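Reminder, nothing fancy here: chain letters follow the sequence lines and each chain counts from 1. The model shown is predicted, which means the values in this text are computed figures rather than measured ones.
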Amino acid sequence: MRLDRLDDFQRTHRNGDLRLDQVGQTVRLLGWCRRVRNLGSLVFLDLRDRWGVVQLVANEETADPELLAKLKAVRSEFVLAAEGVVAERESKNPNLATGDIEIRLTGLRILNTAAPLPFPLEDEGVGEDLRLTYRFLDLRRKELQRNMLLRSEAANLIRNHFRELDFIEFETPILTKSTPEGARDYLVPSRVHAGEFFALPQSPQLFKQLLQVSGFERYVQICRCFRDEDLRADRQPEFTQVDVEMSFVRQEDVQGVIEPLMVKLAKLVGKDATAPFPRLAFRDAMAWYGSDKPDLRCGIKIQDVTDCFAASGFNLFRAAAESQGQRRVRALFFPGEAAGSLSRKALDAYQEQAKQMGAGGLPYAKWGKDGLSSSFKKFLEPADEAALRQSLNAAGEGLAVFAVGTDAQTSKVLGDLRLKLATNLASIEKDPNLSNLFHNKNAYAFLWVVDFPLLEWSEGEAGEPGRWVACHHPFTSPHPDDLERLETDPGACRAVAYDLVLNGFEVGGGSIRIHDAETQNRMFRAIGIGEAEARAKFGFLLDALSYGAPPHGGLALGLDRLVMLLAGVDNIREVIAFPKTAQARCLMTDAPSPVDDRQLRELHLLPDAKQTYRVGAVFFESAEGGSPELRGQALQQIGQMTPRQAQGLVTLDAQGQILDAQTLSGPTFEF
RNA sequence: GGGGUUGUAGCUCAGUCGGUUAGAGUGCCAGCCUGUCACGCUGGAAGUCGCGGGUUCGAGCCCCGUCAGCCCCGCCA
């Protein structure tokens with residue numbers, strides 16, 4: 001098809017802005033054809049741009065025949081420039097913002113054609129692999145346009161917020177140093193320095209601390225971070241952080257800067273959040289919710305019922321009661337008719353879920369219309385049942401599920417079931433008060449989880465001995481009251497670290513940092529990093545801390561997760577323009593992909609024992625400085641080849657054997 | 001590394017107990033149509049049943065392997 005030129009055509013209006021006010025005006029519009037409705041001698045076309053859709057129309061009686069023919073040739077997603085007069089419609093469309101008017105065409109330019117799309121833009125439920133392969137088309141869809149706009153708005157709001165508070169925006173290196181601890185690094189081989197590597201930053205942690213030493217006092221950066229770990233619905237290998245650091249601050253000061261920002265962000269999507277947010281100690285979060293990122297939209301708490309089974313005939317539970325606190329019996333109780341009448345099949349499904357979380361099974365006690373039904377009913381004497389109900393504060397109908405084991409085990413099982421049962425029961429429970437208790441749909445439940453442990457014991461892999469590792473990172477300040485425990489009882493030492501949690505997602509985390517070299521050295525020692533290693537890996541940090549480092553701290557917000565929650569979607573890919581699959585692949589560009597051996601050799605990733613000779617018309621010469629000896633051997637071998645074979649790149653190993661000969665085009669020659 | 005799940009027309013899916021020529025809706029193409037807006041009507045084209053192997057007289061369906069998407073566990077300071 002012959003295409004028209006844009007030339008000096010300029011739009012006079014955005015398509016979505018046209019109203020009855022513009023009736024009679026001649027307008028020029030640009031955009032994509034959403035759909036043509038060809039009624040024969042009357043043709044309608046919906047023209048879409050970023051701001052909306054408007055209907056174009058032409059008919060046989062009034063329009064130029066050439067124009068009408070051109071209009072009929074248009075297909076979906078053709079790119080058009082249209083000129084016409086705004087007119088009130090004969091039949092209006094109340095579902096469309098511009099539905100009262102239409103554009104009577106006086107001119108039409110087809111700026112580009114479009115092949116039929118591999119998937120419809122207006123359908124839900126297109127396979128995600130297909131969407132990712134044609135992401136540039138996927139991004140034409142209304143939902144993604146909305147999400148990208150929201151992301152842009154959020155980023156702007158964030159920048160303005162920090163600017164108003166006198167923060168300075170920095171850029172820190174993407175090519176940086178690999179550090180031990182933490183996530184696996186993405187590595188970038190250095191061509192200039194054989195065998196050496198840059199790492200992509202897991203976060204700009206050390207740089208932002210160093211900028212405090214430099215005296216900037218308030219740092220902010222919206223930056224990309226990279227972690228080579230396995231993916232989840234809310235995790236990508238590269239993701240964006242709002243990175244913040246401040247000097248002369250306590251935990252409360254950092255939180256005081258972040259809370260009003262969160263309130264503003266919530267407002268952006270019409271949600272109310274009130275600062276200050278609740279603070280919850282890590283220990284309580286684990287005890288009540290079985291999670292260090294509790295979803296407070298659910299009001300159900302985990303309860304300890306170990307004591308109820310001290311004399312029980314149920315051996316599993318009694319054993320825990322006799323374990324002197326090593327193992328406990330913990331439970332969730334969901335009140336109400338819906339919970340009390342959950343089917344056996346539903347309970348089996350929850351049991352499977354519990355097993356996946358490491359539980360042996362899922363003991364339950366259900367009080368429904370027909371009274372008690374329980375997986376351990378035969379061990380539950382009426383008196384025990386009453387005591388259990390009292391302990392659970394369980395009146396009326398309802399369901400209790402139990403987990404037995406160490407706190408870590410039961411927290412994991414019950415923390416998971418708490419949310420699964422809550423969302424399910426909230427949708428089937430008829431009592432709105434209970435439903436709301438299970439899952440308050442409208443809430444934006446922010447909270448700070450504080451007083452994290454500083455260190456945790458890590459079992460060594462593959463024969464390595466276990467050791468203490470930093471929960472947050474090795475630069476986190478120990479709680480001042482716990483400083484002595486760093487050597488004596490590392491596991492009991494708290495950190496001045498805090499996570500910001502929204503609706504069960506960790507959207508941010510930070511800490512007050514160690515700002516003196518001595519404490520930093522003690523910390524390194526506690527996690528088994530010797531003085532020499534600390535010097536080699538973090539020498540610059542220790543230096544910096546010895547030249548007048550101010551007390552400082554900060555946090556990082558996960559922008560992708562935050563926008564995901566603001567957008568109300570359940571997947572981080574929906575708010576990232578070009579995301580990767582769960583296998584860390586880009587279906588659109590097909591990255592990562594293999595590279596030439598030559599590129600690998602340049603980066604010293606293939607052994608250099610090979611040498612490449614470029615064979616010319618007159619003689620061959622070494623491109624990378626081979627030895628005269630090899631040259632002689634190569635010449636001898638090349639002499640035995642056909643002229644065709646002898647042309648091009650010849651790769652020799654250290655013994656002068658020809659490993660590979662690529663033919664290049666060029667004049668033939670003979671030896 | 002492990003578990004679960006999905007893969008059939010461009011797209012979304014159905015396909016019975018293993019049995020004739022693998023279907024529907026939609027999209028696409030062609031014709032008709034002056035008030036459509038998910039336009040309508042008529043007709044047509046369109047398939048590597050993800051891929052490879054096996055069992056069988058016969059496989060979309062059963063078995064083994066493999067690839068890819070999604071979810072979860074481990075992992076993610």
Please list every donor-acceptor pair under 3.5 Å in which a side-chain atom of residues 83-90 of chain A meets a protein atom from a residue at least two apart or in another chain.
{"unit_1": "A:Glu83", "atom_1": "OE1", "unit_2": "A:Thr106", "atom_2": "OG1", "d": "3.2"}
{"unit_1": "A:Glu83", "atom_1": "OE2", "unit_2": "A:Arg28", "atom_2": "NE", "d": "2.9"}
{"unit_1": "A:Glu83", "atom_1": "OE2", "unit_2": "A:Arg28", "atom_2": "NH2", "d": "3.2"}
{"unit_1": "A:Glu88", "atom_1": "OE2", "unit_2": "A:Lys92", "atom_2": "NZ", "d": "2.6"}
{"unit_1": "A:Arg89", "atom_1": "NE", "unit_2": "A:Gly99", "atom_2": "O", "d": "3.3"}
{"unit_1": "A:Arg89", "atom_1": "NE", "unit_2": "A:Ile101", "atom_2": "O", "d": "2.9"}

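- Taking a cutoff of 4.0 Å between a charged side-chain nitrogen and a carboxylate oxygen, A:Lys412 and A:Asp416 do not qualify as a salt bridge.
- When both pairing distances are held under 3.5 Å, B:U36 makes no Watson-Crick or G-U pair with any nucleotide shown.
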### Under 4.0 Å protein heavy-atom contacts per nucleotide of nucleotides 67-74 of chain B, with B for base, S for backbone only and - for none
--SSSBBB

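- Atom CG of A:Leu137 and atom P of B:G27 are 18 Å apart (whole Å).
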### Message
Between A:Arg104 and A:Glu102, does the salt bridge (Lys or Arg N to Asp or Glu O under 4.0 Å) criterion hold? Intermediate values first, please.
### Response
CA-CA 6 Å; A:Arg104 307 245 158 97; A:Glu102 62 192 359; 3.3 Å; yes

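- Distance, A:Lys355 NZ to B:G2 C1': 17 Å, rounded to whole Å.
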Pairs of donor and acceptor atoms involving the side chains of residues 201-208 of chain A, under 3.5 Å and at least two apart or interchain, shall be tabulated with distances.
{"unit_1": "A:Gln202", "atom_1": "OE1", "unit_2": "A:Ala183", "atom_2": "N", "d": "3.1"}
{"unit_1": "A:Gln202", "atom_1": "NE2", "unit_2": "A:Ala183", "atom_2": "O", "d": "2.8"}
{"unit_1": "A:Gln202", "atom_1": "NE2", "unit_2": "A:Asp185", "atom_2": "OD1", "d": "2.6"}
{"unit_1": "A:Ser203", "atom_1": "OG", "unit_2": "A:Gln205", "atom_2": "N", "d": "3.3"}
{"unit_1": "A:Gln205", "atom_1": "OE1", "unit_2": "A:His473", "atom_2": "NE2", "d": "3.4"}
{"unit_1": "A:Gln205", "atom_1": "NE2", "unit_2": "A:Gln209", "atom_2": "OE1", "d": "2.9"}
{"unit_1": "A:Gln205", "atom_1": "NE2", "unit_2": "A:His473", "atom_2": "NE2", "d": "3.3"}
{"unit_1": "A:Lys208", "atom_1": "NZ", "unit_2": "A:Asp243", "atom_2": "OD1", "d": "2.7"}
{"unit_1": "A:Lys208", "atom_1": "NZ", "unit_2": "A:Val244", "atom_2": "O", "d": "3.1"}
{"unit_1": "A:Lys208", "atom_1": "NZ", "unit_2": "A:Leu555", "atom_2": "O", "d": "3.4"}

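- Contact of the A:Val507 side chain with the A:Val501 side chain is not registered, since no non-hydrogen atoms from C-beta on lie closer than 4.5 Å.
- Residue A:Arg141 contributes atom CZ, which lies 15 Å from atom P of B:C11 at whole-angstrom precision.
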### Query
What string of B, S and - do you get for nucleotides 31-37 of chain B, 5' to 3', when a contact is any protein heavy atom under 4.0 Å?
--BBBBB

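- Across the strands present, B:A24 finds its partner in B:U12; the criterion is a Watson-Crick or G-U wobble pair with both atom distances under 3.5 angstrom.
- Near RNA chain B, meaning a heavy atom under 4.0 Å from it, residues 500-532 of chain A has no residue at all.
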Measure all distances between protein nitrogen or oxygen atoms and nitrogen or oxygen atoms of nucleotides 5-10 of chain B, and list the pairs falling under 3.5 Å.
{"unit_1": "B:G10", "atom_1": "O2'", "unit_2": "A:Pro118", "atom_2": "O", "d": "2.8"}

